[in-house]
Amino acid sequence: MSDYIPQEIEPKWQKKWEADGLYRAAIDESRPKHYALTMLPYTSGDLHFGHWYPMAPSDARARFMRMNGFNVLFPIGFDAFGLPAENAAIKRGIHPKKWTYANIDNMRRQLRSMGAMFDWRREAISADPEYYRWTQWFFIQLYKYGLAYRKMSPVDFCPNCNTTLAREQVWGEDRHCERCETPVIKKDLEQWFFKTTAYADELLNYEGMDWPERVRVLQTNWIGRSVGAEVQFPVISDQSLVNSDPSKVITDHSSLITVFTTRPDTLWGATFMVLAPEHPLVDKVTMPEHRAEVEAYKTQAARQADIDREAADKEKTGVFTGGHVVNPVNGERIPIWIADYVLMTYGTGAIMAVPAHDQRDFEFARKYGIEVRVVIQPDGMDPLDGATMPASVPASGTMVNSGPLTGTSADEAFHAAVKFVEQKGIGRGAVNYKLRDWLISRQRYWGAPIPMILCAKCGWNPLPEADLPMLLPDDVEWLPTGQSPLKLHPTWKQAKCPVCGGEAERETDTMDTFMCSSWYHLRYLSPQYDKGPFEQKEYDYWMPVDTYTGGIEHATMHLIYTRFFHKALRDMGITEGPEPMLQLRNQGMILGEDGEKMSKSRGNVVAPDALVAQHGADALRALLMFAYRWQDGGPWSSQGIEGTSRWLRRVWTMVLESVSMGKSETRPYDERNLRRRVHQTLKRVTRDFQQFEFNTIVSGLMELLNDMVKAKEAGAYGTPEWNGAVDIYLRMLAPVCPHIAEELWERTGREYSIHTQAWPKVDEDAAREEEIVIPVQVNGKLRDRITVPADATEEQIKAATLASEAVKKFLEGKPPKKVIVAQKKLVNIVV
RNA sequence: GCCGAAGUGGCGGAACUGGCAGACGCGCACGACUCAAAAUCGUGUACCCGGAAGGGUAUGAGGGUUCAAUUCCCUCCUUCGGCACCA
């Protein structure tokens with residue numbers, strides 16, 4: 001017997017599998033398909049266990065499905081556009097393209113060393129022109145379908161570098177630029193958006209999806225649907241009317257402020273209005289004597305990070321604009337304030353404040369001496385007094401001070417109020433979402449250019465589809481200002497208007513990389529296809545994705561975008577079916593040995609290369625499956641590898657080392673028992689694969705190894721039963737450790753390849769126990785164990801229990817009060 | 001603050017319809033082999049009392065339901081993740 005040397009057998013088999021095309025996935029109508037997708041890695045260059053951890057177990061499961069008769073597609077690719085490539089370029093003077101593709105070469109080599117069943121012919125790279133050509137095509141389709149539009153939106157901007165900053169490039173409490181430490185300012189730019197909100201309701205429906213409850217809850221909260229009403233409040237433009245008789249109708253107003261409220265029933269209790277400091281009407285409603293104060297407040301609000309502005313325990317602040325609106329339900333004049341607790345990004349950016357029944361409004365009103373008016377009297381409570389109540393009260397009870405609603409219950413008042421505002425023409429029932437439209441413009445170079453052209457005469461028009469891809473120029477200057485190279489390029493911007501043929505300009509913004517990753521599962525279907533984003537017959541056979549694996553951190557962004565994308569394309573007739581991915585499973589995160597997130601700056605990154613070189617990919621694959629609950633993850637431990645490495649050496653020895661008979665005469669080999677243990681393990685392992693419980697798959701195989709080694713020593717070696725056990729063992733091992741399984745399969749004279757073999761069938765009869773050991777408790781405490789035939793009746797078990805010496809001792813001659821025989825699993829005697 | 005996940009030996013974890021808590025592995029200790037080391041093999045390894053037989057206590061803390069609770073219910077604590085004044 002030679003030694004187990006993974007460094008020799010692993011590259012050998014990887015080469016052979018590649019040469020034989022063992023993992024090529026092709027349409028085969030005779031077999032059921034299984035599309036197993038694992039989230040594509042970003043080309044950061046440092047492939048570590050954060051990449052292996054989701055992929056190696058996913059690969060094992062894909063292999064398991066293949067052995068179960070499925071035609072399995074398990075593709076891989078690279079998410080190659082994005083900010084880190086530009087940062088590397090600026091820092092080290094390497095072109096982003098060069099940096100990215102060098103990283104891909106390295107990552108590809110590392111991924112190959114894992115021995116996964118990736119079909120490399122289907123590799124897709126989002127930065128390839130042949131890929132982003134179709135990303136651009138999808139943009140145009142969304143634009144034509146009316147789902148893309150432009151609007152002004154603020155970005156974080158460094159005035160010194162003259163560049164837009166991503167959130168991660170803004171550091172510290174003073175919000176400074178990561179490069180030059182200049183404080184960041186907000187800048188309004190016109191940018192492209194997708195109407196994700198048009199699909200908000202549909203995205204809340206998870207019917208038919210086998211997705212974790214956790215993710216569904218996260219998405220539901222992210223979409224944040226709330227039902228209420230929009231109500232228009234007229235602005236009083238003539239200040240002399242502010243103090244006039246409220247019963248007189250004021251017709252002097254030049255504009256309306258719309259608020260969204262989830263409690264239209266409390267409209268009569270609104271005593272002030274609050275606008276977000278960024279609200280477009282702030283300047284208009286502000287009176288001259290308040291202007292300086294309002295401007296100062298706006299400036300400090302704009303300087304704050306969302307996080308500071310939104311701190312829960314922060315004291316409410318705001319300033320009065322001097323302006324007033326009319327409450328349209330009762331004609332009252334109410335003052336307009338601005339406050340940073342109202343956000344422009346949610347609802348209409350304006351609220352009606354009802355301090356008696358909303359705690360935030362209450363705190364604000366008390367601080368600034370604004371009236372608190374009770375409009376709901378909770379049942380069974382002393383009549384409330386707005387002037388003295390210590391806190392707002394929950395809105396359930398009977399309506400008071402509410403015009404026509406007075407006397408109705410608060411439950412009915414909601415609908416009555418909506419009806420009232422609709423009849424008066426001052427508002428309507430409305431649904432609002434926390435979900436915002438998807439901002440896809442990036443003021444960056446290393447991304448897919450947005451294929452739009454601006455003509456002074458014809459406006460914005462898409463590049464004709466025949467002219468795609470709209471190529472990213474390579475000859476860009478990397479100026480230390482950090483300004484977008486596309487803007488600085490001498491000629492790139494120049495274009496012909498697709499409508500009139502006149503001089504026009506290209507869009508210089510590029511697309512959010514989430515756009516590229518919203519459809520990569522479609523590009524895998526036919527990455528070389530040049531007549532469309534994918535080939536129809538491939539789509540018809542493989543889609544939808546059956547199993548999608550990846551990190552929980554993508555629950556709200558990527559996984560909502562890709563669902564939106566699929567649904568929008570479906571409405572255009574490009575895709576089919578309600579959802580792109582039927583089943584989702586999330587793995588946890590592998591942390592550094594210090595328990596912190598792996599990162600270069602912390603210096604706790606563990607790369608797989610050295611460990612593969614030392615112990616082999618199989619031992620590492622097994623460790624990643626064995627050492628953690630997959631959905632939890634945990635800190636890396638360098639010692640664990642000894643365990644799986646030792647296990648594989650023992651498997652090697654068990655299978656290959658011949659033994660002379662009679663090594664252990666004392667424990668005769670029990671054929672029936674060997675077979676039973678094999679099929680019991682098979683049953684467990686099969687179930688665990690189905691349920692993504694990888695750690696117990698490996699521990700089950702370790703246990704069976706221990707049993708088989710004992711049987712071997714007892715004389716099983718060489719018998720037909722032994723050979724059958726080895727056969728099943730290797731098949732179970734194959735998805736976990738594909739190289740050693742193939743090697744042992746060959747060395748025991750079996751037919752190439754183990755990876756095209758069928759998963760063994762569980763023999764229920766063989767797995768069944770003939771005798772069972774039943775623990776016996778007296779008053780819930782374990783006192784004895786009895787052995788009975790597996791088909792013993794409850795009466796027989798009871799009799800055997802009472803005959804036990806240990807039990808008699810604890811009964812002390814007294815008759816038992818109750819004897820419980822629990823499902824033939826346990827006996828409990830109550831004295 | 002809200003939402004979610006999770007608290008089990010020195011460590012990772014197991015216990016899959018409420019039924020033997022600690023499988024499997026790491027680490028550690030002792031032993032075999034060896035001139036020695038590594039590798040390998042064997043034995044032991046929750047805690048407390050006891051020489052042993054045996055007994056007691058234990059699944060974050062406290063309470064409840066039950067013959068029986070890591071598992072179900074209530075209250076609280078801790079850790080991690082996400083969201084964050086959502087009108």
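Worth knowing before you read on, the calculation uses all heavy atoms, side chains too, and leaves out hydrogens, waters and symmetry mates. Chain A is the first sequence line, chain B the second, and so forth, proteins listed ahead of strands; every chain is numbered from 1.
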Novice: Using a 4.0 Å heavy-atom cut-off across all strands, classify A:Arg785 as base, sugar-phosphate, or nothing.
Specialist: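 Answer is base: heavy atoms of A:Arg785 come under 4.0 Å of a base.
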Novice: Output yes when at least one side-chain N/O atom of A:Arg646 is less than 4.0 Å from OP1 or OP2 of B:rU40, else no.
Specialist: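 Yes, such a contact exists.
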Novice: So, for A:Trp438 and A:Tyr561, is the gap between ring centers shorter than 6.0 Å?
Specialist: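 Yes.
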Novice: Using the side-chain heavy atoms of A:Lys825, tell me which of these nucleotides is nearest: B:rU17, B:rC86, B:rG27.
Specialist: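 Shortest atom-to-atom distance from the side chain points to B:rU17.
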Novice: Side chain of A:Asn221 only, heavy atoms from C-beta on: which candidate in B:rG4, B:rC3, B:rC86 is closest?
Specialist: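 Shortest atom-to-atom distance from the side chain points to B:rC3.
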Novice: With a 3.5 angstrom cut-off on both distances, give the Watson-Crick or G-U wobble partner of B:rA5, or none if there isn't one.
Specialist: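 For B:rA5, the partner nucleotide comes out as B:rU79, under the 3.5 Å rule.
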Novice: Look up atom CG in A:Asp707 and atom CG in A:Leu674, then write down how far apart they are to the nearest 0.5 Å.
Specialist: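 Result: 8.5 Å between the selected atoms.
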Novice: May I ask which nucleotide in the shown strands pairs with B:rC85, Watson-Crick or G-U wobble, both distances under 3.5 Å?
Specialist: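 Paired with B:rC85, as far as the under-3.5 Å criterion goes, is no nucleotide at all.
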Novice: Scan A:Ser637 against the nucleic acid and name what it touches under 4.0 Å (heavy atoms): base, sugar-phosphate only, or nothing.
Specialist: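 Here A:Ser637 touches no strand at all.
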Novice: In the structure shown, which nucleotide is the Watson-Crick or G-U wobble counterpart of B:rA68, with both distances under 3.5 Å?
Specialist: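 Per the H-bond distance test, none.
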Novice: Given the C1' atoms of B:rA69 and B:rG60, what is the spacing between them in whole Å?
Specialist: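 My reading of the C1' atoms in B:rA69 and B:rG60 gives 16 Å.
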Novice: What nucleotide among B:rU40, B:rG19, B:rA23 has an atom nearest to a side-chain atom of A:Asn828?
Specialist: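 Closest nucleotide to the A:Asn828 side chain: B:rG19.
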Novice: Given atom CD1 of A:Ile697 and atom P of B:rC24, what is their separation to the nearest angstrom?
Specialist: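 Taking CD1 of A:Ile697 and P of B:rC24, I get 18 Å after rounding.
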Novice: For A:Thr262 and for A:Gly700, find the nucleotide of RNA chain B with the closest heavy atom, then tell me which residue's nucleotide is more 5'.
Specialist: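 Residue closer to the 5' terminus by nearest nucleotide: A:Gly700.
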Novice: With both distances under 3.5 Å as the test, what is the Watson-Crick or G-U wobble partner of B:rG50?
Specialist: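 Pair assignment: B:rG50 / none.
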Novice: Is B:rG9 syn or anti, taking syn as a glycosidic angle within 90° of 0?
Specialist: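 Syn conformation for B:rG9.
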Novice: Give the minimum heavy-atom separation between A:Tyr368 and A:Thr317, together with the two atoms involved.
Specialist: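 It is OH-CA, 3.5 Å.
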Novice: Which whole number of Å gives the distance between the P atom of B:rA15 and that of B:rA53?
Specialist: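 Looking at atom P only, B:rA15 and B:rA53 are 31 Å apart.
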Novice: Which whole-number value in Å describes the distance from A:Phe626 CZ to B:rG13 C1'?
Specialist: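 The distance from CZ of A:Phe626 to C1' of B:rG13 comes to 8 Å, rounded to the nearest Å.
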Novice: Nearest to the side chain of A:Tyr341, heavy atoms from C-beta on, is which of B:rA87, B:rG19, B:rC85?
Specialist: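 Minimum distance to the A:Tyr341 side chain belongs to B:rC85.
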Novice: Under 4.0 Å, counting only non-hydrogen atoms across every strand here, what does A:Asn695 touch: a base, just sugar-phosphate, or nothing?
Specialist: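 Since only primed, P, OP1 and OP2 atoms lie under 4.0 Å of A:Asn695, the category is sugar-phosphate.
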Novice: Mind calculating the distance between CD (A:Glu693) and C1' (B:rC24) to the nearest angstrom?
Specialist: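 Checked: the CD to C1' distance equals 15 Å.
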Novice: With both distances under 3.5 angstrom, what nucleotide forms a Watson-Crick or G-U wobble pair with B:rU59?
Specialist: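 Paired with B:rU59, as far as the under-3.5 Å criterion goes, is no nucleotide at all.
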Novice: When rounded to the nearest Å, what value does the distance between C1' atoms of B:rC11 and B:rU45 take?
Specialist: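 Roughly 14 Å separates the two C1' atoms.
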Novice: Taking only side-chain nitrogens and oxygens of A:Lys781, does any of them come within less than 4.0 Å of OP1 or OP2 of B:rU57?
Specialist: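 It does, given that an N or O in the side chain of A:Lys781 lies less than 4.0 Å from OP1 or OP2 of B:rU57.
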Novice: Rounding to an integer number of Å, can you tell me how far A:Ile772 CD1 sits from B:rC20 C1'?
Specialist: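 So the CD1-C1' distance, A:Ile772 to B:rC20, works out to 13 Å.
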Novice: Using a cut-off of 4.0 Å on non-hydrogen atoms, how would the nucleic acid contact of A:Arg783 be classed: base, sugar-phosphate, or nothing?
Specialist: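 Sugar-phosphate: the residue A:Arg783, judged by heavy atoms under 4.0 Å, touches backbone atoms but no base.
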Novice: Given B:rG25, B:rC67, B:rA87, which nucleotide is nearest the side-chain atoms of A:Lys818?
Specialist: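 Within the option list, the nearest is B:rC67.
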Novice: I'd like to know if the side chain of A:Tyr4 pairs up with that of A:Thr653 as donor and acceptor (distance under 3.5 Å, no hydrogens or angles considered).
Specialist: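 No, no side-chain donor-acceptor pair sits under 3.5 Å.
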Novice: Closest approach to the side chain of A:Arg649, judged atom by atom: which nucleotide of B:rA6, B:rU40, B:rG12 is it?
Specialist: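 Nucleotide nearest to A:Arg649's side chain: B:rU40.
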Novice: Do A:Trp337 and A:Phe364 have their ring centres less than 6.0 Å from each other?
Specialist: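 Here the rings of A:Phe364 and A:Trp337 have centres that are less than 6.0 Å from each other.
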Novice: Is any side-chain N of the basic residue among A:Glu703 and A:Arg684 closer than 4.0 Å to the acidic one's carboxylate O?
Specialist: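 Answer for the salt bridge query: yes.
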Novice: Rounded to whole angstroms, how far apart are CD1 on A:Ile820 and C1' on B:rC20?
Specialist: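 So the two atoms are 16 Å apart, to the nearest Å.
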Novice: Paired with B:rA38 by Watson-Crick or G-U wobble geometry, both distances under 3.5 Å: which nucleotide is it?
Specialist: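 Result: none.
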Novice: Using atom C1' of each nucleotide, how far apart are B:rU59 and B:rG51 to the nearest Å?
Specialist: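 Those two atoms are separated by 31 Å.
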Novice: Under 4.0 Å, counting only non-hydrogen atoms across every strand here, what does A:Leu218 touch: a base, just sugar-phosphate, or nothing?
Specialist: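 If one applies the 4.0 Å heavy-atom cut-off, A:Leu218 turns out to touch the sugar-phosphate alone, with no base involved.
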Novice: On the side chain of A:Asn779, is there an atom forming a donor-acceptor pair with the base of B:rC67 - under 3.5 Å, no angle test?
Specialist: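 By the distance-only test, no, there is no pair.
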Novice: For the pair made of CD in A:Gln631 and C1' in B:rG81, what is the distance, rounded to whole Å?
Specialist: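 Those two atoms, CD and C1', are 14 Å apart.
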Novice: Could you please name the option among B:rC41, B:rC16, B:rC24 that lies closest to any side-chain atom of A:Met702?
Specialist: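 Among B:rC41, B:rC16, B:rC24, the one nearest the side chain of A:Met702 is B:rC24.
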Novice: Let's test this: given Watson-Crick or G-U wobble pairing with both distances under 3.5 Å, identify the partner of B:rC33.
Specialist: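 By the stated definition (distances under 3.5 Å), nothing pairs with B:rC33.
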Novice: Send over the distance from A:Asn586 CG to B:rG81 P, rounded to a whole Å.
Specialist: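 Atom CG in A:Asn586 sits about 16 Å away from atom P in B:rG81.
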Novice: Nearest to the side chain of A:Arg629 - B:rA14, B:rC24, B:rG4?
Specialist: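 For the A:Arg629 side chain, the nearest candidate turns out to be B:rA14.
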Novice: Taking B:rC80 as the reference, what is the distance to B:rA32 when you measure between their C1' atoms (whole Å, please)?
Specialist: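 The answer is 46 Å between these two C1' atoms.
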Novice: Closer than 4.0 Å, any side-chain N/O of A:Arg216 to the OP1 or OP2 of B:rG4?
Specialist: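 For B:rG4, OP1/OP2 do not have a side-chain N/O of A:Arg216 under 4.0 Å.
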Novice: With rounding to whole Å, what would you report as the distance between B:rG22 and B:rU71 at their C1' atoms?
Specialist: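 After rounding to an integer number of Å, I get 15 Å for this pair.
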Novice: Is there a side-chain polar atom (N or O) of A:Tyr346 under 4.0 Å from OP1 or OP2 of B:rA87?
Specialist: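 Checking B:rA87 against A:Tyr346, a side-chain N or O does come within under 4.0 Å of OP1 or OP2.
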Novice: Please state the C1' separation for the pair B:rG19 and B:rU70 - nearest whole angstrom.
Specialist: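 Each nucleotide's C1' atom is 13 Å from the other's.
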Novice: Do A:Gln7 side-chain atoms and A:Gln614 backbone N/O form a donor-acceptor pair below 3.5 Å?
Specialist: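 Yes, A:Gln7 side chain to A:Gln614 backbone: donor-acceptor pair under 3.5 Å.
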Novice: Judged by each residue's nearest nucleotide on RNA chain B, which is more toward the 5′ side, A:Ile829 or A:Gly640?
Specialist: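 First, find each residue's nearest nucleotide; the 5'-ward one identifies A:Gly640.
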Novice: Please report the shortest heavy-atom distance between A:His558 and A:Phe514, naming the atom on each side.
Specialist: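 So the two residues come closest at CB-CE2, 3.7 Å.
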Novice: Just checking A:Arg360: base, sugar-phosphate only, or nothing, at a heavy-atom cut-off of under 4.0 Å?
Specialist: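 Touches a base.
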Novice: What is the separation between atom CG on A:Asp632 and atom P on B:rG12, rounded to the nearest whole Å?
Specialist: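 That distance rounds to 12 Å.
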Novice: Choose from B:rA87, B:rA5, B:rC24 the nucleotide whose nearest atom is closest to any side-chain atom of A:Ser226.
Specialist: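 Taking heavy atoms from C-beta onward, the closest nucleotide is B:rA87.
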Novice: Is there a donor-acceptor contact under 3.5 Å linking the side chains of A:Gln359 and A:Ser392?
Specialist: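 A donor-acceptor contact under 3.5 Å links the two side chains.
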Novice: Centroid-to-centroid, A:Trp636 to A:Tyr53, below 6.0 Å?
Specialist: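 No; A:Tyr53 has its ring centre 6.0 Å or more from that of A:Trp636.
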Novice: Mind checking who B:rU45 pairs with, Watson-Crick or G-U wobble, both distances under 3.5 Å?
Specialist: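 B:rG27 is the nucleotide pairing with B:rU45.
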Novice: From the list B:rC20, B:rG25, B:rG12, which nucleotide is the closest neighbour of the side chain of A:Pro775?
Specialist: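 Nearest listed nucleotide: B:rC20.
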Novice: Using the P atoms only, state how far B:rC41 lies from B:rA52, rounded to an integer number of Å.
Specialist: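 My reading of the P atoms in B:rA52 and B:rC41 gives 31 Å.
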Novice: Quick one: label A:Trp222 by what it contacts on the DNA or RNA (base, sugar-phosphate, nothing), any heavy atom closer than 4.0 Å.
Specialist: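 Sugar-phosphate contact only.
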